[in-house]
Amino acid sequence: MTEPLTVVGIGADGWAGLAGPARAALASAQVVLGSPRHLGLLPADVGGERVRWPSPMVDALPALLGRYGDRAVCVLASGDPMMHGVGSTLVRLLGVDRVRVLPHPSSVSLA
């Protein structure tokens with residue numbers, strides 16, 4: 001990957017619940033990776049190519065990131081992506097200096 005990947009935590013409230021930096025990252029992304037549910041939370045004017053996670057996801061990550069690694073990529077994740085989420089997986093795969101995380105409250109912190 002040539003650009004740091006940005007992981008955006010998103011809640012059930014979708015776009016409305018995102019802070020300015022998360023909205024800006026998604027608005028400028030050329031590719032947005034996420035589950036169908038997460039991708040469906042974005043408004044139509046977020047113009048990056050929307051790519052659904054493959055299954056199984058972890059095994060497919062190296063090839064998927066290699067395919068889009070020369071573009072500005074955002075990953076959508078539930079809540080806090082570093083709390084047992086895709087954020088920690090991406091950091092292990094790419095390194096801490098290649099991943100920027102913009103968390104949202106986790107289900108645990110909301111409870």
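This one's a predicted model, so the numbers in the text were calculated from it and none came from an experiment.
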- prompt: Once you round to the nearest 0.5 Å, how far does CG of L90 lie from CG of L33?
  reply: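 CG of L33 is found 8.5 Å from CG of L90.
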
- prompt: To the nearest 0.5 Å, what is the distance between CG (L18) and CG (L42)?
  reply: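 The distance works out to 8.0 Å.
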
Please assess S78 against H38 for the test side-chain contact (heavy atoms from CB on, under 4.5 Å), listing each intermediate value before the final yes or no.
-> CA-CA 8 Å; S78 293; H38 289 139; 2.9 Å; yes

How about D13 and H104: do any of their side-chain heavy atoms sit closer than 4.5 Å?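 Yes; the side chains approach each other to less than 4.5 Å.
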
Close side-chain approach of S35 and L76, heavy atoms under 4.5 Å
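When only atoms from C-beta onward are counted, L76 and S35 do not touch, as no gap falls below 4.5 Å.
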
### Query
What pair of heavy atoms forms the shortest contact from P81 to G79, and how long is it?
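Reported closest heavy-atom pair: CD-O, 3.0 Å.
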
On a heavy-atom basis, the closest approach of C74 and A25 is SG-O, 3.4 Å

Path from [X] to [Y] over hydrophobic side-chain contacts below 4.5 Å:
X	Y	value
V99	W53	yes
L41	V86	no
I10	M57	no

When you measure from the side chain of [X] to the backbone of [Y], do you find a donor-acceptor pair of N or O atoms at a distance under 3.5 Å?
X	Y	answer
R71	R67	no
R98	V91	no
Q30	A72	yes
S28	A24	yes
R50	L39	yes

Would V51 and Y68 count as a side-chain contact (heavy atoms from CB on, under 4.5 Å) if you check the C-alpha gap in whole Å, the side-chain angles of each, and the deciding distance to 0.1 Å? CA-CA 10 Å; V51 179; Y68 298 109; 3.6 Å; yes

- Working for side-chain contact (heavy atoms from CB on, under 4.5 Å), residues V7 and L102: CA-CA 6 Å; V7 183; L102 302 172; over 6 Å; no

query = Do L26 and V8 pass the side-chain contact (heavy atoms from CB on, under 4.5 Å) test, and can you show the C-alpha distance, the side-chain angles, and the key distance before you say yes or no?
reply = CA-CA 8 Å; L26 288 162; V8 174; 4.0 Å; yes

